[in-house]
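Taking it in order: structure first as structure tokens, then the write-up.
These numbers come from the heavy atoms of this one structure, side chains and all, not from hydrogens, waters or symmetry mates.
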Amino acid sequence: MAGRNHTLVTDFFLIAFTERPEWGLPLFLVFLSFYFVTLLGNVGMIILIGKNRQLHTPMYFFLAHLSFVDTCYSSVIVPQMLAVLWDQGAAISQARCAAQFFFFTFFASIDCYLLAIMAYDRYVAVCQPLLYATVVTERVRWGLVAGAYVAGFASAFVRTVTAFTLSFCGNNEIDFIFCDLPPLLKLTCGDSFTQEVVIIVFATFVMPACVLVILVSYLFIIVAIMQIRSAGGRAKTFSTCASHLTAVSLFFGTLIFMYLRDNSGQSSEEDRVVSVLYTVVTPMLNPLIYSLRNKEVKEAVMKALSRSRASGRP
């Protein structure tokens with residue numbers, strides 16, 4: 001730190017993917033198309049669940065909230081990233097940077113909690129099917145979702161306040177697609193040990209706690225499935241969990257790689273690719289995963305398309 005220029009930084013400059021200007025327009029078009037698919041898929045999933053009475057069950061209630069959070073989560077990141085690609089870099093004030101970091105952490109935390117809640121829902125459905133209607137009541141559903149939002153807000157608030165009480169000095173360039181914690185910590189000056197401990201504690205609490213709930217839930221689910229005598233019955237039961245497992249693997253796999261490892265090195269192309277996976281690709285894929293791997297959703301989509309064709313006929 002001794003050789004660093006200690007001029008305090010009040011604005012940042014996002015420069016991700018700008019080292020190769022010829023990539024700017026192709027990446028802009030790719031990410032813009034991904035964003036449109038994300039909006040179409042997630043908003044479509046919310047409308048489909050809301051209009052189809054067959055999908056008015058706890059599992060799809062949680063899925064509708066997951067789609068809403070994914071829409072917001074992607075919208076916090078992608079427009080800013082598109083501006084960086086279009087202008088070959090984009091200036092962002094410290095206040096806007098803090099707001100982006102807060103909302104990213106808020107929606108990402110809720111995503112983690114919702115995936116854990118959905119694992120618990122599958123556990124009750126598979127392991128205690130006769131008690132499912134009395135355990136996962138409407139009041140319980142709303143309580144779990146409200147708890148996810150409150151916990152997400154608390155985590156985002158503490159991490160944002162802690163992160164942005166740090167002093168930033170020297171180089172103000174962030175070689176990343178948005179104002180995220182690892183690249184920001186590289187711009188700090190002075191003693192930041194206490195703040196970093198608080199930030200890391202919250203980060204390691206949210207992800208491992210949610211992963212633990214998911215692992216324990218699926219451990220019981222696997223035991224219950226193995227006790228089913230018929231191979232067809234085991235396959236049918238497991239298929240109800242396959243979509244959720246795929247979404248969990250995509251989301252937590254990339255987040256764990258990004259945050260639960262040593263980030264002391266400089267931002268790399270690998271880091272940026274991983275960040276694109278969890279901020280752009282995963283929110284886009286979730287509705288596709290649940291629609292392509294879920295029989296009830298496919299049936300609801302086919303019925304909606306049939307009604308649309310029928311109403312369009314003279």
Side-chain angles (χ1 to χ4, degrees), residues 12-50 63-92 96-112 114-115 152 156 174-181 183 243 246-255 257-258 267 269-293 297 301:
F12 301 104
F13 197 71
L14 298 170
I15 60 169
F17 300 116
T18 59
E19 69 276 10
R20 299 188 180 181
E22 68 275 12
W23 287 11
L25 183 58
L27 286 176
F28 177 88
L29 295 174
V30 168
F31 292 144
L32 181 62
S33 64
F34 281 4
Y35 185 51
F36 280 142
V37 173
T38 299
L39 294 180
L40 183 63
N42 284 290
V43 173
M45 184 67 74
I46 294 169
I47 295 171
L48 185 70
I49 292 171
L63 179 56
H65 280 276
L66 183 69
S67 294
F68 169 73
V69 170
D70 278 345
T71 302
C72 299
Y73 173 64
S74 184
S75 297
V76 169
I77 305 301
V78 180
Q80 178 70 68
M81 183 169 60
L82 293 175
V84 172
L85 292 169
W86 185 258
D87 294 328
Q88 295 297 308
I92 183 171
R96 279 186 60 200
C97 187
Q100 186 180 54
F101 178 71
F102 170 82
F103 284 111
F104 162 74
T105 307
F106 176 52
F107 290 118
S109 298
I110 296 172
D111 230 326
C112 292
L114 284 176
L115 288 170
I174 299 178
D175 188 12
F176 209 62
I177 64 173
F178 69 103
C179 285
D180 200 8
L181 193 57
S243 299
T246 305
V248 165
S249 300
L250 279 171
F251 186 71
F252 281 102
T254 51
L255 281 183
F257 177 85
M258 194 68 196
S267 294
E269 191 169 327
E270 184 181 63
D271 292 333
R272 284 176 284 170
V273 170
V274 172
S275 66
V276 167
L277 288 176
Y278 68 77
T279 58
V280 181
V281 178
T282 300
M284 177 186 70
L285 291 180
N286 277 346
L288 298 176
I289 290 168
Y290 279 98
S291 60
L292 294 175
R293 297 185 63 91
V297 173
V301 170

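- In terms of heavy-atom proximity, Val76 sits nearest to Gln100 at O-NE2, 3.2 Å.
- Taking both residues in full, the closest heavy atoms of Thr71 and Asn42 are given as OG1-CB, 3.1 Å, listed atom of the first, atom of the second, then distance.
- For the atom pair Cys72 SG and Ile77 CD1, the distance stands at 12.0 Å (nearest 0.5 Å).
- Atom CG of Leu82 sits about 11.0 Å away from atom CG of Asp87, to the nearest 0.5 Å.
- Between Phe104 and Cys179 there is no side-chain heavy-atom pair separated by less than 4.5 Å.
- The two atoms that bring Pro183 and Ile174 nearest to each other are CB-CG2, 3.7 Å, heavy atoms only.
- Looking at Ser33, its side chain does come within 3.5 Å of a backbone N or O of Leu29 through a donor-acceptor pair.
- Pro79 and Ser74 make their closest contact through CD-O, 3.9 Å (heavy atoms, listed as atom of the first residue, atom of the second, distance).
- Using bins of under 30°, 30° to 60° and over 60° for the plane-to-plane angle, the ring pair Phe68/Phe107 lands in the perpendicular bin.
- Side-chain atoms of Pro283 and Phe34, non-hydrogen and from C-beta on, never get closer than 4.5 Å to each other.
- With values rounded to the nearest 0.5 angstrom, Ser243 atom OG is found 9.0 Å from Leu63 atom CG.
- Classification of the Phe178-Phe176 ring pair by plane angle, with boundaries at 30° and 60°, yields tilted.
- At a threshold of 4.5 Å between non-hydrogen side-chain atoms, the residues Leu285 and Thr282 do not count as touching.
- For the residue pair Leu39 and Ser75, the shortest heavy atom distance occurs at CD2-OG, 4.1 Å.
- For the atom pair CD1 (Ile92) and CG (Leu14), the distance works out to 5.5 Å, reported to the nearest 0.5 Å.
- Looking only at side-chain heavy atoms (C-beta outward), Val276 and Ile177 come within less than 4.5 Å of each other.
- Among all heavy-atom pairs drawn from Gln80 and Ala90, the shortest one is NE2-CB, 3.8 Å.
- By the 4.5 Å heavy-atom criterion applied to side chains, Val280 and Val78 are counted as neighbours.
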task: Please report the C-alpha distance between Asn286 and Met45 in whole Å, then the side-chain angles of each, then the deciding distance to 0.1 Å, and finally whether the side chain to side chain contact (heavy atoms under 4.5 Å, CB included) criterion is met.
output: CA-CA 10 Å; Asn286 277 346; Met45 184 67 74; over 6 Å; no
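- Ring planes of Phe103 and Phe106: perpendicular class, angle over 60° (limits at 30 and 60°).
- Here the side chains of Ser275 and Asp180 are not in contact, with every heavy-atom distance at 4.5 Å or above.
- You'll find the side chain of Asp111 reaches within 4.5 Å of the side chain of Leu66, heavy atoms only.
- Atom CG of Leu27 is separated from atom CG of Leu32 by 12.0 Å, given to the nearest 0.5 angstrom.
- Note on ring orientation: taking the six-membered ring where Trp is involved, the planes of Trp86 and Phe28 are tilted (angle from 30° to 60°).
- Once rounded to the nearest 0.5 Å, the distance linking CE of Met284 with CD1 of Ile289 reads 9.5 Å.
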